[in-house]
Amino acid sequence: MNHNDKQDELAHKRAAFQLPKGKVYLDGNSLGPLPVAARERAREVVEGQWGDDLISSWNTHDWIHLPATVGDKIGALTGAAPGQVVCCDSISVNLFKVLSAALKMRPGRHVIATTRDNFPTDIYMVEGLIEQLSDAYELRFIDEQDIAGGLSEDIAVVMLTQVNFRTGFKHNMQQVTQQVHDCGGLMLWDLAHSAGAFTVELDACKADFAVGCTYKYLNGGPGAPAFIYVARAHQQYYRQPLSGWMGHASPFAFLPGYEPDEGIRQNLSGTPGIIGMSVLDAALSVFDDVSMKQIETKSRALMRYFLQCLETAGLSDVLTLVSPHEDCRGSQLAFRHPHSYAICQAWIDEGIIADFRAPDILRVGFAPLYLRFTDLDDAVRSLAAIVNEKRYERPEFNQKNMVT
Ligand SMILES: *Cc1c(COP(=O)(O)O)cnc(C)c1O
């Protein structure tokens, strides 16, 4: 047994997950594994609630409030006081809502700023929105390493993913939000690789808006619903355009005209996917007895240990680390190698699951709730064999899959 595991305060959390034997999961940053509580809730919500209790479940099992109660649980993990986070739709759709509302709150300003290296859907959604608005607005790319230098008074909203999905580079939320505010702009954070991975302080950093998904570090399951944060101070001025009945002030009054809910619930459009949201609700209970600080501390220790193991195995010069120092990176490490794709496939073949991101990045995710230090020993031992024996040259590891 690795001695670090004996001192691990989070060691007991591993039992909260169903983890296949003989595998090391270094891809919880893409799709978290199945929490046991989520598996049980799936059965309960389908068989018991839907199956037996039918439509009365909207009241008896409080389905109607699920988007808000789950939202508050996510808020508790991201530094948001209750009433500011709601669970709904996907990041992509939520970006459309929030960006539309943000533009209206800054009349006279016509620029949405982001980084060129942002996750593609974030950029695509801006492109689609601007086209919808008859090109009256502009998408502007600013330098990830110098946000302040890219700011100007024509910017309505700055949209940044806090952790770069390829390199793991992490923005300083407090500092960047302040800089954007000093320039009169609004700040929208995408927390896809932040929520559940380390401490996030949305309220304390005075973030205006945030979005995030729940199937990565929050382990909500494939395609689990996303979330939106709108700071309390903005809620009375905020108006998003997908004005569906679930965001109406009184959905069950069935009134002919739209009148938005005064709070965060306005972000709902159509009927929530109750099965997926219930499973997510149960998945979040895994975080009940741990703090994000503990998770962040272990994440850093895991990454430090992994890098040490690579060094000891003589792999540090072969795999080029492209992630920055631990104070400015998320809970992942990215390495560059000309054969990254095939190395990753060979690793998966050995039961070590990581992923590849074009063009040449081997991405390793560290999810502290279930990862052990001994898993990293196994992972590096296997990686050393693959690299030293050039196993990545085998044709079967060089066939590209649709999902990488
Ligand atoms: C994973 C991820 C998404 C996914 O968006 P969906 O619309 O939920 O599929 C968006 N943005 C970033 C930065 C991501 O990492």
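Atoms considered below: every heavy atom in the structure, side chains included; atoms not considered: hydrogens, waters and symmetry mates. Start at 1 and go down the list; that is how both ligands and their atoms are numbered. The shown structure was predicted, so the numbers you read here are calculated from the model rather than taken from an experiment.
Salt bridge status for R391 with D349: absent, with no side-chain N to carboxylate O gap under 4.0 Å. Salt bridge annotation for D327-R300: present, with a cationic side-chain nitrogen under 4.0 angstrom from a carboxylate oxygen.
What sits closest to atom 9 (O) of ligand 1 on the protein, heavy atoms only, is Y215 OH, 3.4 Å. Ranking protein heavy atoms by distance to atom 5 (O) of ligand 1, first place goes to I91 CB, 3.5 Å. In terms of protein heavy-atom proximity, atom 7 (O) of ligand 1 is closest to S92 OG, 2.5 Å. The protein heavy atom nearest to atom 2 (C) of ligand 1 is K216 NZ, 2.5 Å.
Residue Y237 places its OH atom among 12 or fewer non-hydrogen atoms of other residues, nucleotides or ligands, all under 6.0 Å distant.
Contact of the F198 side chain with the V163 side chain is registered, since non-hydrogen atoms from C-beta on lie closer than 4.5 Å.
Inclusion of T161 in the set of residues having an N or O under 3.5 Å from an N or O of ligand 1 is not warranted.
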>> Is there a side chain to side chain donor-acceptor pair (under 3.5 Å) between D154 and S152? Walk through the geometry before answering.
In response: CA-CA 6 Å; D154 52 1; S152 52; 2.6 Å; yes

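Below 4.0 Å from some heavy atom of A192 lie the following atoms of ligand 1, by number and element: 2 (C), 12 (C), 13 (C), 14 (C), 15 (O). Every atom of ligand 1 with a heavy atom of T121 under 4.0 Å away is listed here by number and element: 5 (O), 10 (C). For ligand 1, the atoms sitting less than 4.0 Å from at least one non-hydrogen atom of H193 are 15 (O), numbered in the order shown with element in parentheses.
When non-hydrogen atoms are compared, ligand 1 lies under 4.0 Å from the side chain of D122 (C-beta onward) but not from its backbone.
Closest non-hydrogen pair, A224 versus Y215, comes out as O-CD2, 3.8 Å. G247 approaches Y258 most closely through the heavy-atom pair O-OH, 3.3 Å.
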